[in-house]
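Every value quoted in this text rests on a predicted model; they were computed, and no experiment measured them.
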Amino acid sequence: MVKLPIYFDNHATTPLDPRVLDAMLPYLKDDFGNAASRNHVFGWKAEAAVELARKQVAALIGGSDKEIVFTSGATESNNLAIKGALEFYREKGDHIITLKTEHKAVLDTCKRLERQRQERIDELKLMRLGDLAGRTVSADELATLEIKHDLEHDATLARWVSQVKTGARVTYLEPKKDGLVDLEQLRAAITDHTVLVSIMLANNEIGVVQPVEAIGALCREKGVLFHTDAVQGAGKIPFDVEKSKCDLVSLSAHKMYGPKGVGALWVRRKPRVRIAPLIDGGGHERGMRSGTLNVSGIVGFGKACELAKAELAPEAARLLGLRQRLHDGLKAKLDMLVVNGSLEHRLPGNLNISFAYVEGEALMMAIKDVAVSSGSACTSASLEPSYVLRALGVDEDMAHSSIRFGLGRFNTVEEVDYVIDLMVRAVSKLREMSPLYEMAKEGIDLKSVQWTAH
Amino acid sequence: MAYSEKVVEHYENPRNVGTLDKNDPNVGTGLVGAPACGDVMRLQLKINDSGVIEDAKFKTFGCGSAIASSSLVTEWVKGKTVDEAGTITNQQVAKELALPPVKIHCSVLAEDAIKAAIADFKAKRAARTGQAAAPSAPSPQLHK
């Protein structure tokens, strides 16, 4: 008999490995020192522990310990990589390229930078209109006066705008239907102003693994920086900073059986990549991230990386086996299933499936002893279905019907079998209750029905 | 998000799931919502010659609250006259199920489904008795 509840949501977070906890405990009790205390044994012990962890984290991705900047987590790492690199290399340009399926920590950072640039341009427009109108112009008048004075063709304004040093211009690439980046599109998007390409290693919703080695080679050839959010992929699939030629890599401890609240940004030293800090203070982490180090968290992060590296190949094979068992078990008893994203280029522990004609939240309610996620709008605050699935061109109704299974280190064959059985019963029951399933079975083309949108 | 006990109860033991013959002149069918929005409700009412709802069946594609809302209204309308059923409001449904603000649209859909089913029934009856069909509520039409 399996133990309930079952946790199949390992992309959201992972349980702390007991071996990680054991490594952390001394630093939550007797060895409480500040790693920046240079003149006593408490500080030395903490520093030594942090430096060991730095080596363990760097080793996981084939980097050097001198290239690790510890942060509060991958959201901070992504912010630091993008805003930090843009600020440092502003003289070179202000253009960023990313993918529509990136994590919000990347997309919303880019959106803020775009907005900052637009706000600066709007200020300049008001100044220019003030000159032309011979009086102070208010923001409300911008839209009308802009047309009246034909600002679009104003050479003075164009010159001012070309000097803007605030925010960024951003290109959001459309992924292919299987979720992978189109390398030709990426090549075409790179301009003389491009500073940074930010494309993740593996997606958090659909588990699709991007061709980072090809992206890295292209970025190196074009002389632009390559940042990758490796949160979901690092420690799960082989990943090496030299092979992928990346310049900045975001990592998080709690996605690899470490503690929450700690992450890292790997910053290449050869050739040297520079970033401006977001947080000023005591000059920790070689000035790139001030703030007293989270020693116990960092120790746990290091241990988690060591374990992930040591167990990577057999664990990846085991998870792939579980995933295939889950997929085969569902396919054997349920029709009209669609896997979202490439099945071939995918994290071993990820399965994202749309169960046609059944709504995701209702499904999650039916399997309430099993923790999974859904791309249904009903599970989010925004009432919009998953933007990742929408970017792949998945129809809205199929996005509403999606379930993400995230298998991890502590899941078992027994759990997978239990979930298959439960899912089959839940989907069958809900389909019996679904007017869409009945209509589809009758051969009615649901796309030809005039629905009353609400 | 936690669901109210009543939502869970209806969701786990839905009342009156099923299909009535849509070609039966005494059956009114209301199909509201849209797959793209994540909920579609189909409510069918069997109405006798004295205008009393004898039977009600539903099928719903949607979240737990949408399924509970449809289940609840099938219970409520049975035994009521068409006119009485037409006065059921979404607020009554939302209150009974203690729906949170983000789920209010599920109760709106349930009210719309009742109105659409009644409109369909009235349109059918008007056509049968040879009268000009009254302007019907927006009930989705199938284009075969």
Starting from the C-alpha separation in whole Å, work towards a yes-or-no answer on side chain to side chain contact (heavy atoms under 4.5 Å, CB included) for Trp451(A) and Val32(B). CA-CA 7 Å; Trp451(A) 300 102; Val32(B) 296; over 6 Å; no
Chain A contact via Val8(B) - side chain, backbone, both or neither, heavy atoms under 4.5 Å: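 Contact with chain A: backbone and side chain both.
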Does the side chain of Asp397(A) reach to within under 4.5 Å of the side chain of Val40(B), using non-hydrogen atoms?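 With C-beta onward as the side chain, the pair stays apart.
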Check: Ile67(B) and Met365(A) side chains under 4.5 Å, non-hydrogen atoms: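 No, every pair of side-chain atoms sits at 4.5 Å or beyond.
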Report, as yes or no, whether the 6.0 Å neighbourhood of atom [atom1] on [X] holds more than 12 heavy atoms from other residues, nucleotides or ligands.
X	atom1	value
Glu442(A)	CD	yes
Lys177(A)	NZ	no
Lys95(B)	NZ	no
Arg112(A)	CZ	no

About how many Å separate [atom2] of [Y] and [atom1] of [X], when rounded to the nearest 0.5 Å?
X	Y	atom1	atom2	answer
Cys63(B)	Met364(A)	SG	CE	12.0 Å
Asp39(B)	Glu361(A)	CG	CD	10.0 Å
Leu436(A)	Arg42(B)	CG	CZ	10.0 Å
His400(A)	Phe61(B)	NE2	CZ	7.0 Å

Salt-bridge criterion met for Lys429(A) and Glu12(B) (N-O under 4.0 Å):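 No.
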Just so I understand: if I count every heavy-atom pair under 4.5 Å between each of Ala66(B), Gly18(B), Pro14(B), Ala36(B) and chain A, which residue has the most?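 With the most close heavy-atom pairs to chain A, the winner is Ala36(B).
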If only atom types and distance count, is the side chain of Lys59(B) paired as donor or acceptor with the main-chain N or O of Glu438(A) below 3.5 Å?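 No, the answer is negative, given that no donor and acceptor are paired below the 3.5 Å cut-off.
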